Amino acid sequence: MNRHRPARALSRALSRALTPLSFSSSSASSSSSSSLSSFPLKHVTRSNFEAALAELRGHVRAADFVAIDLEMTGVTSAPWRDSFEFDRSDVRYLKVRDSAEKFAVVQFGVCPFRWDSSKNSFVAHPHNFYVFPRQELSVDGPSYEFLCQTASIDFLAKYQFDFNACIREGISYLSKRQEDEAFRHLNLAFEDESSVIWSRLKEVRNIPLVSMPDILFSERMKNRFIEWRDRLLLPQNGRFQFQDRTSDFKQFETIFFKMRPALSLNGFTSHQLKLVQLVVKEHFKDLSYVHFEGENSILQQLIVYTESKDDKDLLMKEVKNDHRRQAETKIQAAVGFRHVIDLLSSEKKLIVGHNCFLDIAQIYSKFIGPLPLAAEELASSVNKYFPHIIDTKILLNANHILQQRIKKSKTSLSSAFALLCPHLALSNINTGLPSHSYLSVEVEVDDLRSCNWNSGAKHEAGYDAFMTGCIFAQACSHLGIDFKIQLPSENLAYNERLQKQINLLYLSWTNGDVIDLSTGKKVTESLGSNILKKQYPKIVFENIVLLWGFPSGLKAREIRECITKVFGPTSVTSVYHLDETAVFVQFMKAEMVSDFLLLKEKLEKSDGPISVLHPLAKLLEGGSTHAASYETYKEICGSSISKHLFADQAEVFGIRWKTKLVESKAALDGEENGSLGKENSTMRTAAKAAHKTKHGVVDNLRDNSLCDQIIHSIYAAEDSQLRTTN
Amino acid sequence: MVSLRPLLQRRCLCTKLHDKWSVKQVMKSNFAESLEEIKTRISDSDFIAVSLQKTGSFSAPWQRVLPFDTAETAYCKAKYAAEKFQLLQFAVCPFTISDSKLVAHPYNFLLFPRDEMNIGMPSYSFSCQTSYLASMAQEGFDFNACIYDGISYLSRVQESAAKVRIGNPTAITYQMNSSSTPTVADAVFVERIKSRIKNWKNSCKSSNSRTDDPLVSTLRKLITASEFYGSRPSMSVDVCSERQVQLVLEMLREFSDELVPLIIPGKSGGTQAVRVVLTSSKEDKNFFETELHCQEEEQNKKVRGFREVIDLISASQKPVVSHNSLNDFTFIHSKFIGPLPPNIDEFASSLRLVFPVVLDVSYLMQIIGPLRKVTNIPVAISYLNNHFFAPVDIEIPHQATENEGKLHGYNVVRICHLFAKLCSVLKIPHSSTVSDNEVLPPALEECTNVFNEFSTSTRRIDEDVKVWTKNTRKVSCEQLVLLWGFRSGTTAGKLKSMLHRSHDVFSEEFDVRLVDKSCAIVVFWQPGLSTIFLDVMNGKEVFGALKEMISEGLRAVSFEAYKKVCRLGIWEADLTESMVRAMDEDPDYLVEANPETKLREIYWSSHDSMINLDEL
């Protein structure tokens, strides 16, 4: 069924839907749903962010661990980028990378857990942050953009996600990289002495005044300024006369600016201000035109009087510093939600997630910097920021005790929660369970503690983070970690019972590919007794041919038939549809791959009757059938473009050849070094594994219509039988 | 003109009251009723104005439609945006103008590309520009309403694909030709099916009276492949080819007073089976057929969703007025008609089949004030108010809706308003002519289907481009050169003075503008100089300041290269990057057709500077 998982979110939705009580109280109201939630959850938007952050700092500092969860606008940018059984771990990473780069994070759940020894219970502080990538700083360059997967958005809507709160009130952010970049720009602008970019005043060119209104206006301004200045200089009781003769005329107001008398200008158009600037520049040596951002970021224009040239320079310097400080504050403010990430990182707390590789990739790409090209690099970078991460999915699958608990090997978030923490999931209901074996958890929001709440709170990031944390705490307890005797100073991250699982994340849940963040190495299915039932024969990536652009409507069965006519009835292990335009054909032997590609090229070159009558002709019909090895799939997955159909993608990607022959292995190794070495080793281990598990060739055609028909008829029969017996 | 005028009328005499304009908001919940309503409005109107709210329009500054874009490159850009972004709001306003009175019926439809049929359509994913969403939020747009209750749709092309995918049985609508002579195999096939059908029919009729053992009846059903279609017994006949479908249908004519054949489409097109439904009488058969027809209609409605409105507009063949027709109609084509064709000519002809007359207020504005590009409709209206006397009295006979506080789609009324004013200023005779003989006044005829607001010629798609927006001068594409590789942070002015000092070709009049921060466009006002410049850039004999600049990375290409970038759809964030990629992709492209100026190996050895000079 994995093939049909369109999104992690969706699979989660299913599992959530399966939890019986989860739906019960989801409110129908959209805008005010947060207040109706019976589960105490701290919703944070930009209006209460500052206060919430300050509070969260204390909670995180005191916490034993912090659970997190993210909601995104999508997971897969094109059907052929979905997660497949045919994903080699490096390809899987490229898919995750693509997903993290394209989709936005719209909700971020943070839930610090602290053991309260006086109450023998955990205290959780679930926070639900609405996040939106609003562009706060005006920088030229590409606009901020993100992709939405329609199915994911629709899924969020089904769970009453408040899009208005997210878009209107969501907290924006800058990644570390973006912040550095912004500061670099700032420094450039301010270092250049001659430049006036910092003042955001365009240099006023001496445009000759042509239009009559302009001339009159300029003249009036000039006279007005002379008058003002002269009055300033009049030693009238040594005081300035503040009350203007034209006090009703609010365009001018005398104020003090940096200990100097100044005239503030109000209600002028930008064109008029330009003229004023010109007037000041041309006629007044002792006046300067200055602007600054006042309260509520309203731009204020001033004419400032300075006593001397030095004083003027000093003023300009002061103004410049002000501008710089303001710009810096703006950048600081734009960092926004990343302060939460910085907090988690600097506190070095144990971070708990559930199947969280994509979440971690999202965090990296949104709040740290562009994702590196290989998973190994990401692992080591992530390890620097978050030295301790634990994945509850790994934990649940790795341990026998826990596996027994979770009988049906359902490790989706909500089913794990229901199975491990029934007392929390089904609170208020007397479950009749022996309560002593369950850890109690209290929820504290805004200094209000509650240990009684209605379950089935809306499935939001904050609640999901809470569930994840509860699962982790309960799992720890099953693993024999006794929080009662655990010293408060003791760091959970160094607990020996967790050492086997710490910093391990599923790169691909489907294939059981695991990555160790502390070493950067991939661990393939080393985790315990695994429960992964392989429905498919082991995949040998060297034996795979990628075919696309074949005549539309050609089914997997037909493709197999074509090929087996040439290479023998057992030559094709499996044919797998990426989408309607592309398939993977797995051959029995690696040589067949190069043979097939060679043959295809030969057939395409010759126009003779042989090529028309050849069994492969059906496959090549239309003349746009392309073929290549698995490496090409990887290359295309690495591209930043996402066309809906694979064939279109390949074209946009710039593939102009029809067949890419596989070179001999040695040449390949020589040509592409580095990451390929590692791949080869995984390929080799995979090949070995395939050799061992030699349990025949399973035909796994997806659209074997004959099979479908049989099944259909059986169902139909059953159906009608039911009807008749009823 | 509008016969059905609701009791409560709202009259707004001046634009300042526009927040009182009542625009009917349509969502999934009230779509069906509104559809009926708008149907009559459309048929009573003279024009239909449309206005679209998109989730974004361009990803990088250079990907906007720029003043120097030709019709073709502008289309490429619009196409890219239309394929990438999504529509969330579609305002439609059928209106009539008589004298100075404008009667408008604005509707604002909220759209969301929900996959209603579970077939991965209409849209797998779409992009959003955060600034667009943020400004929509500022205007009070209700995203929850849009996503929860927006109307979905399928394009015409998607609909036909969906019919196959959904696999609903369809009644036979086409006439069969029995011209081909039957073979022996055919005869055998027909006989076999015929006897099966006869047996089944008889058993159906007789089984009514008999009560069977459930198991036996189940087995019989399994064997004869009989089942129920609704309450009527039916039976499937598997077919292997369209030929067999024909044979079965022909044979069934014999039983035409009792049996109704249905086509069961295969998963990947074609026919999988013919289902035969047994009706009890002639009347029952007629009843069943109308039932089927209704079902199909219902299904179609559900599938088409909002596109019903597009189809209504299209069917009316009335002139459609929009503000930014190229952008709007590329969106409309890609979302509601089908994938966008590769070039503007095909696009224009494909669109003409659906909307024969498209009028663009921006273009009409240009006729009045050639230097004005309408970026903002209120500004255009106030411009007209200041310069011309063209009073327009707006009347919106809608009933006021309760939730008036949060209404959107005023823009479409503004478009109507502006259009009415323009008609009055341009002395275009009013509706009478339009509705009487369905022919546009010649003045408007001139302005239809102009998709490049920048090019001055109307029909002919022009290779000439207008360069700077102020003080427009016309130049040929050949006089344009794109430059990149100058120091970052260089302003156009600086670059111009640097170039001026660098070589003789710059002693004549020329101009420089930055396209984005890394790429500039140079226009040589004197024809021929661009060629000389490109020659110099590619030749060995460069010296002085230009050599210095080249060694620092300066590159120049002809405008052709830019056209190629747009044609190939290489949409990198920086134009420079796109240019370089286009050159990389096909380095021979420029060399092959260029035998005379055979490219010499230049020391920076990059094909970036290979330019086809002969073609210019």
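Just so you know, these numbers come straight off a predicted model, no measurement behind them. Protein chains get the first letters and strands the later ones, always in sequence-line order, with residue 1 at the start of each.
Only the backbone of B:F141 comes within contact range of chain A, with heavy atoms under 4.5 Å apart. Proximity to chain A is limited to the backbone of B:F58, based on heavy atoms less than 4.5 angstrom apart. With a 4.5 Å cut-off on non-hydrogen atoms, B:E83 touches chain A through its side chain but not through its backbone.
With chain B as the partner, the residue from A:S640, A:A157, A:A165, A:C166 showing the most heavy-atom pairs under 4.5 Å is A:A157. Here A:C148 is the residue among A:G170, A:C148, A:S172 with the most heavy-atom pairs under 4.5 Å with chain B.
Taking the six-membered ring for Trp, A:Y130 and A:F132 have ring centres at least 6.0 Å apart.
Side chains of B:L133 and A:F146 form a contact here, defined as non-hydrogen atoms less than 4.5 Å apart.
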| So A:M72 and A:V106, side-chain contact (heavy atoms from CB on, under 4.5 Å) or not? Walk me through it. | CA-CA 6 Å; A:M72 284 84 82; A:V106 285; 5.9 Å; no
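Rounded to the nearest 0.5 angstrom, B:Q86 CD and A:T150 OG1 are separated by 7.0 Å.
A:K102 and A:S642 form a side-chain donor-acceptor contact under 3.5 Å, judged by distance and modelled atom types alone.
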